[in-house]
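For reference, the structure is listed below as structure tokens.
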Amino acid sequence: MSELTPREIVAELDKYIIGQNQAKRMVAIAVRNRWRRQRLAAELRNEVAPRNIIMMGPTGVGKTEIARRLAKLCSAPFIKVEATKYTEVGYVGRDVESMIRDLMEIGINLVRAEEAEKVKGRAEAAAEERLLDLLLPSGDGRENTREKLRELFRQGFLDDREVEFEVKEQSQPIGMLGVPGMEQLGDQMKGAFSKLFPQKTHRKKMKVGAAWRHLIEDESAKLVDEDKITDLARERVEQMGIVFIDEIDAVGRARGKNVNMNSNDERENTLNQLLTEMDGFGSNSGVIILAATNRADILDKALLRAGRFDRQIHVELPDLNERKEIFGVHLRPIKIDESVDAEFLARQTPGFSGADIANVCNEAALIAARNGKKFVQKEDFMNAVDRIVGGLEKRTKITTADERQCIANHEAGHATLSWLLEHANPLVKVTIVPRGKALGAAWYLPEERQITTREQLLDEMCATLGGRAAEELFLGKISTGASNDLERVTKQAYAMVVYFGMSNRLPNLNYYDSSGQDWGFTKPYSEETARMIDQEVQAIINEQYERAKSILKEYASGHNMLAQVLLEREVIYTEDVEHIFGKRAWVSRSEEILELQEKANGKKAENQ
């Protein structure tokens, strides 16, 4: 498999993993270069340092699947090590030798299966003759009867008959106790014991079908050379073995920064051992260490230096087009009607990973089955997204008429401003039905921007404050229902001032430490600057709050009509808002992306 090029590796991975093109390409190149190094002369091979790979990204984006598919594609011995086991109480550490030993066992099983496949025909022929000898001894001169039995056996008519023959007893495992580091001596002693005490045999009755399978295994074992298997397995492990360490942040946390980790903590001891022995795989070894984490910010810097995990690959959440492809895969086994559109569902699920999308499809099918439908419809998928994001509906929760009026005005305020502001997220659905901890909710199509301008942030803040502004303006009182909105707006305003340098009095300043070291007990600015930051944050929020009230005053009739419809129906959609305020004047970024993608696909089809 070493002849595979990175392009061919990526093409094979594309069959199982949608998107992540950059990550797949970088993994393929790193693996190819690692194996190419094996063909160099010994003096040159030592000059080229081996590269180990760490994949960083959120959960559910396919890090483990990339490693597993890569190993299967290349027929490489593969072992997955759960780093969380390193943190168990009483764990004494797992060194590199134990990993290689487990990898060797997997390699031996892999090579044995391949060699058994090569001699499968000869083994089946020999097993058939032995089985016929058991059914009818060949020395009695009845060859015609033997051939008839052969035909009956091949047609399956003799599977229920019983035969009796000698089988080897299963050897009892030998447990060896000792100090760490004596594993090799233990293996040698086990081999010596097995030669001193050979396996015993006994006669056993079996059905013909079971006996046939047992005899094939027995004949394959005779035809396969175990010494050759061991040599081939060792060669394969040295050339292309893959060790995958999942959730490496469990032990790879930066030392000295965890208040719960002291000098005698087992996790720190294990990390120290891992760091000192990572180079112990040998400079001429082809074993690749793959690791995965979703907490790259807390990893110890020593893990990421050259010679250790120096190939850092970021596996990101799928974008709009990739989500559309993932939905296409998961919708195939589901019976859907014409109302289901993969493009619409992709736009409804920003920030969802591949695992999340699979969960949405499964949940939608369950909802449709629960309601006795023959097909899964668009409504079922929307309910599935709502359930995953917001939780279960709680229609049994009792609310008074005043509370429902307050909730309807609050949600109508959000809907009105999101429709009338250019850079606010387009509205999809508004409901006053309690779901999870929320008494009401509004769903939008978030704009997946690569960069965000000041105007876009201000429009989003204004729309978020629309609920509280509507309560004060139309009801003359405010409620605690806006607490989550205020939290989001406050964090966004502080980010604008402290991180993005978007304030008038503190322009072009950033107080964020991207190195992850944090500022400790001191801040990188004075108390006077801290007061200015607070004042700027308050000014930004007050400005957008007054802006929200101004827009709601201008469109008060439309807002009140929307709140009344919401009280009557409990749920309203884009079409209802469009009926009141007219068609939205701006095209969303998601629509622009899909339109550009369709044009690109059309040009590609024309060129072909």
Side-chain angles (χ1 to χ4, degrees), residues 1-40 45 47-81 83 239-249 252 278-279 281 285-323 325-326 353-355 448 450 514 516:
M1 279 294 182
S2 57
E3 292 86 5
L4 282 176
T5 64
R7 189 186 299 270
E8 292 169 338
I9 294 176
V10 170
E12 288 295 323
L13 291 176
D14 282 339
K15 297 177 181 178
Y16 306 100
I17 302 167
I18 296 174
Q20 309 298 352
N21 295 327
Q22 184 179 8
K24 289 185 289 190
R25 181 173 174 273
M26 292 183 68
V27 168
I29 292 173
V31 171
R32 170 68 171 172
N33 290 342
R34 186 68 179 259
W35 290 339
R36 184 180 292 170
R37 178 176 170 273
Q38 293 300 107
R39 298 203 299 268
L40 297 174
R45 188 184 304 166
E47 297 295 326
V48 182
R51 306 281 187 183
N52 298 309
I53 304 166
I54 181 168
M55 292 182 285
M56 305 174 178
T59 57
V61 294
K63 300 185 292 293
T64 305
E65 189 65 16
I66 288 175
R68 184 181 292 112
R69 290 295 179 182
L70 182 68
K72 189 172 182 179
L73 165 66
C74 302
S75 299
F78 175 81
I79 180 174
K80 180 180 178 182
V81 181
Q239 288 183 355
M240 57 177 66
I242 297 177
V243 176
F244 179 61
I245 305 177
D246 200 9
E247 305 294 348
I248 196 171
D249 52 273
M278 269 194 71
D279 297 329
F281 283 89
S285 174
V287 175
I288 300 172
I289 311 178
L290 284 173
T293 178
N294 58 353
R295 296 293 307 278
D297 55 311
I298 65 172
L299 291 179
D300 196 287
K301 291 186 179 299
L303 268 178
L304 306 179
R305 76 155 175 81
R308 287 173 181 157
F309 290 113
D310 46 9
R311 279 285 183 266
Q312 299 164 28
I313 298 174
H314 293 273
V315 187
E316 304 294 343
L317 289 167
D319 59 21
L320 180 64
N321 290 313
E322 290 171 349
R323 290 200 303 275
E325 293 182 36
I326 295 172
S353 65
E448 298 177 74
Q450 301 301 322
S514 60

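A quick note: this is a predicted structure, and the numbers were derived from the prediction, not measured.
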With sequence neighbours excluded, residues passing side chain to side chain donor-acceptor pair (under 3.5 Å) with T64: none

Decide yes or no for N294 and E247: does some side-chain heavy atom of the first lie under 4.5 Å from some side-chain heavy atom of the second? yes

Partner set under side chain to side chain contact (heavy atoms under 4.5 Å, CB included) for A67, not counting sequence neighbours: M55, F78, F244, L290

Applying side chain to side chain contact (heavy atoms under 4.5 Å, CB included), can you list everything that pairs with Q312, at least two apart in sequence or on another chain? I54, M56, L304

Grab the two heavy atoms, one from [X] and one from [Y], that are nearest each other, plus how far apart they are.
X    : Y    : value
D249 : L299 : CA-CD2, 3.8 Å
I53  : I313 : CG2-CD1, 3.5 Å
A292 : D246 : CB-OD1, 3.7 Å
P318 : S353 : CD-CA, 4.0 Å

Qualifying residues under salt bridge (charged side-chain N to carboxylate O under 4.0 Å, His left out), relative to R7, sequence neighbours excluded: none

Pairing residues for E322 by the salt bridge (charged side-chain N to carboxylate O under 4.0 Å, His left out) criterion, not counting sequence neighbours: none

From [atom1] ([X]) to [atom2] ([Y]), nearest 0.5 Å:
X    : Y    : atom1 : atom2 : answer
E325 : D319 : CD    : CG    : 8.5 Å
E65  : I17  : CD    : CD1   : 5.5 Å
R68  : I66  : CZ    : CD1   : 11.5 Å
N321 : I326 : CG    : CD1   : 11.0 Å

Write out all pairs satisfying side-chain hydrogen bond (donor to acceptor under 3.5 Å, both in side chains) with one or both partners inside residues 16-25, taking only residues at least two apart or from two chains. D14-K24

